[in-house]
Q: 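One structure follows; several queries about it will come next.
All values reported here derive from a predicted model rather than from experimental measurement.
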Amino acid sequence: MFTGIIEATAELRTMRHSDANLILSLYSEIADSFRVDESVCHNGVCLTVENVDFATRLYQATAIEETLQRSMLGDLKIGDRLNLERSLRVDARLDGHFVQGHVDAVGVVRQVADRRGSFEIWIEYPRQYQELVVEKGSIAINGVSLTIAHLDDDEARLAVDIIPHTWQKTNAASWQAGRRVNLEFDVLGKYAARQIRVASARV
């Protein structure tokens, strides 16, 4: 379980395919605090730390075929930055919202506007998830906990506003038009929608 509050970023140094999997080698300033078998959220995807070189702060994680099909990790290129968050401690404040690290869908950035103090980003998402998108509700985009500022239901698009701190600390500055991003919708909304569908089917 995560919160969507990004701790640091990782730089992709190497990647190679092993059967249908993609093995990632990454560098991060916080990698010397990782432990093998730890769950770390990478651009909103929960991956297991498989080994760590504490001296160089390089570590390895593997994205399996299911992860590559459901997320944008297969789009990665050497040098890309990934948002990182370690799992939530039970004694910590919940500053973002509950994030599982299970990507629901991939969205596409359609427009980025500089609002002189913030950045407004419009993202197109698969229409079948429209019931889970609520104005002023929460969403995780590449693992970042954000508030949905505006909706365009006709085009199945949503807008979020990025403050300068988030723009600088995360990889949000790379969310240019045409870029694919990982989306995880609010887990509470998913359970509520499921209950409504099941109840309606019984009527």
Q: When you measure from the side chain of S118 to the backbone of R115, do you find a donor-acceptor pair of N or O atoms at a distance under 3.5 Å?
A: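 Flag not set: sc S118 to bb R115 has no pair under 3.5 Å.
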
Q: At what distance, to the nearest 0.5 angstrom, does CG of N21 lie from CD of E65?
A: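 With rounding to 0.5 Å, CG (N21) is 8.0 Å from CD (E65).
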
Q: Should we say atom CG of D19 is surrounded by more than 12 heavy atoms from elsewhere, each under 6.0 Å from it?
A: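 Count not over threshold, so no.
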
Q: When you measure from the side chain of E131 to the backbone N and O of Q128, does any donor-acceptor pair fall under 3.5 Å?
A: no

Q: Is the shortest heavy-atom distance from the side chain of I148 to the side chain of V134 under 4.5 Å?
A: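 A side-chain contact is absent here, since even the closest heavy-atom pair is not under 4.5 Å.
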
Q: Hey, does Q130 have a side-chain heavy atom less than 4.5 Å from the side chain of Y125?
A: yes

Q: Do other residues, nucleotides or ligands put more than 12 heavy atoms under 6.0 Å from the CD atom of E29?
A: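 Atom CD in E29 is not packed in, count stays at 12 or less.
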
Q: Which heavy atom of L132 sits nearest to which heavy atom of A193, and what is that distance?
A: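 Nearest heavy atoms, L132 then A193: CD2-CB, 3.8 Å.
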
Q: Between I139 and F185, is the side-chain contact (heavy atoms from CB on, under 4.5 Å) condition met? List the steps.
A: CA-CA 5 Å; I139 189 170; F185 303 103; 3.8 Å; yes

Q: Yes or no on side-chain contact (heavy atoms from CB on, under 4.5 Å) for T62 and T67, after CA distance, side-chain angles and deciding distance?
A: CA-CA 9 Å; T62 298; T67 301; over 6 Å; no

Q: Kindly compute the distance separating NE2 (H102) from OG (S71), expressed to the nearest 0.5 Å.
A: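 Rounded to the nearest 0.5 Å, the NE2-OG separation comes out at 12.5 Å.
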
Q: Kindly say whether L183 contributes a backbone atom to a donor-acceptor pair with the side chain of Y129 at under 3.5 angstrom?
A: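 Not a single qualifying donor-acceptor pair exists.
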
Q: Within a strict 4.5 Å, meaning less than it, do heavy atoms of the I23 and R16 side chains meet?
A: yes

Q: Is there a salt bridge (charged side-chain N to carboxylate O under 4.0 Å, His left out) between D91 and R89 once you walk through the steps?
A: CA-CA 5 Å; D91 62 345; R89 291 172 46 131; 2.8 Å; yes

Q: Quick check: do N182 and V106 have side-chain heavy atoms less than 4.5 Å from each other?
A: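 N182 vs V106: side chains touch.
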
Q: Hey, could you give me the OG/CG distance between S174 and D80, rounded to the nearest 0.5 Å?
A: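 These two atoms lie 7.0 Å from each other.
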
Q: For the pair D53 (side chain) and L58 (backbone), establish whether a donor and an acceptor sit closer than 3.5 Å, ignoring hydrogens and angles.
A: no

Q: I'd like to know if L146 and V181 are part of one continuous hydrophobic network [Ile/Leu/Val/Met/Phe/Trp/Tyr, side-chain heavy atoms within less than 4.5 Å].
A: yes

Q: Return the CZ to CE distance between R179 and M72, rounded to the nearest 0.5 Å.
A: 5.5 Å

Q: Does CZ in R127 sit with more than 12 non-hydrogen atoms of other residues, nucleotides or ligands closer than 6.0 Å?
A: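 Enclosed: over 12 neighbouring heavy atoms sit under 6.0 Å from CZ of R127.
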
Q: Do N43 and N171 get their side chains close enough for a donor-acceptor pair, meaning under 3.5 Å?
A: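 Result is yes, a qualifying pair exists.
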
Q: Quick check for you: to the nearest 0.5 Å, what is the distance between E184 atom CD and C46 atom SG?
A: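 Going from the CD atom of E184 to the SG atom of C46 covers 10.0 Å.
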
Q: Do I6 and L24 share a hydrophobic cluster (ILVMFWY, side-chain heavy atoms under 4.5 Å, transitive)?
A: no

Q: Once rounded to the nearest 0.5 Å, what's the spacing between atom CD1 of I162 and atom CD of Q168?
A: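 Answer for the CD1-CD pair, I162 versus Q168, is 12.5 Å.
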
Q: Using only atom types and a distance under 3.5 Å, with no angle test, would you say the side chain of E85 pairs donor to acceptor with the backbone of G4?
A: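 Here the side-chain-to-backbone pair exists.
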
Q: Backbone N or O of A159 within a donor-acceptor pair of the E120 side chain at under 3.5 Å?
A: no

Q: What verdict does the side-chain contact (heavy atoms from CB on, under 4.5 Å) test give for E38 and V52, after you've listed the backbone C-alpha separation in whole Å, the side-chain angles of each residue and the deciding distance to 0.1 Å?
A: CA-CA 11 Å; E38 180 177 2; V52 186; over 6 Å; no

Q: Can you name the closest pair of heavy atoms from S28 and A8 and give their distance?
A: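 Heavy-atom minimum between the residues: OG-CB, 4.2 Å.
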
Q: Taking all non-hydrogen atoms of both residues into account, name the closest pair between T9 and K169 and its distance.
A: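 That would be CG2-O, 3.5 Å.
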
Q: Could you tell me whether Y27 atom OH has more than 12 heavy atoms of other residues or ligands within 6.0 Å of it?
A: yes

Q: In the single-linkage hydrophobic clustering (I, L, V, M, F, W, Y; side-chain heavy atoms under 4.5 Å), do F54 and V49 co-cluster?
A: yes

Q: Measure across A10 and Y59 and return the closest heavy-atom pair with its distance rounded to 0.1 Å.
A: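 So the minimum-distance heavy-atom pair works out to CB-OH, 3.6 Å.
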
Q: What is the minimum heavy-atom distance between K77 and L12, and which atoms define it?
A: O-CD2, 3.5 Å

Q: Residues in side-chain hydrogen bond (donor to acceptor under 3.5 Å, both in side chains) with N142, at least two apart?
A: none

Q: Give the C-alpha distance, both sets of side-chain angles, the deciding distance and a yes or no for ring-ring contact (aromatic ring centres under 6.0 Å, His included) between H42 and F34.
A: CA-CA 13 Å; H42 294 72; F34 292 170; 7.5 Å; no

Q: Do V144 and V160 share a hydrophobic cluster, counting only Ile, Leu, Val, Met, Phe, Trp and Tyr and linking them when any side-chain heavy atoms are less than 4.5 Å apart?
A: yes

Q: If hydrophobic clusters are built from ILVMFWY residues whose side chains come within less than 4.5 Å, do L188 and L88 share one?
A: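 Same cluster: L188 reaches L88 through Ile, Leu, Val, Met, Phe, Trp or Tyr contacts under 4.5 Å.
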
Q: Locate the shortest heavy-atom distance separating M15 from L22; write the atom from each residue and the value.
A: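 In this case the closest contact between M15 and L22 is CB-CD1, 4.1 Å.
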
Q: Apply the test side-chain contact (heavy atoms from CB on, under 4.5 Å) to residues K190 and Q100: give CA-CA distance (whole Å), side-chain angles for both, the deciding distance (0.1 Å), then the verdict.
A: CA-CA 12 Å; K190 288 188 279 190; Q100 293 182 295; 3.9 Å; yes

Q: Mind checking what makes salt bridge (charged side-chain N to carboxylate O under 4.0 Å, His left out) contact with E124, not counting sequence neighbours?
A: R110

Q: Report the residues that fulfil salt bridge (charged side-chain N to carboxylate O under 4.0 Å, His left out) with D153, sequence neighbours left out, ordered by chain and then residue number.
A: none

Q: Of the options V40, V45, L73, which is the one that meets L82 in a side-chain contact (heavy atoms from CB on, under 4.5 Å)?
A: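 Filter result, single survivor: L73.
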
Q: Spell out, as yes or no, whether a donor-acceptor pair under 3.5 Å connects the side chain of S39 to the backbone of T48.
A: no

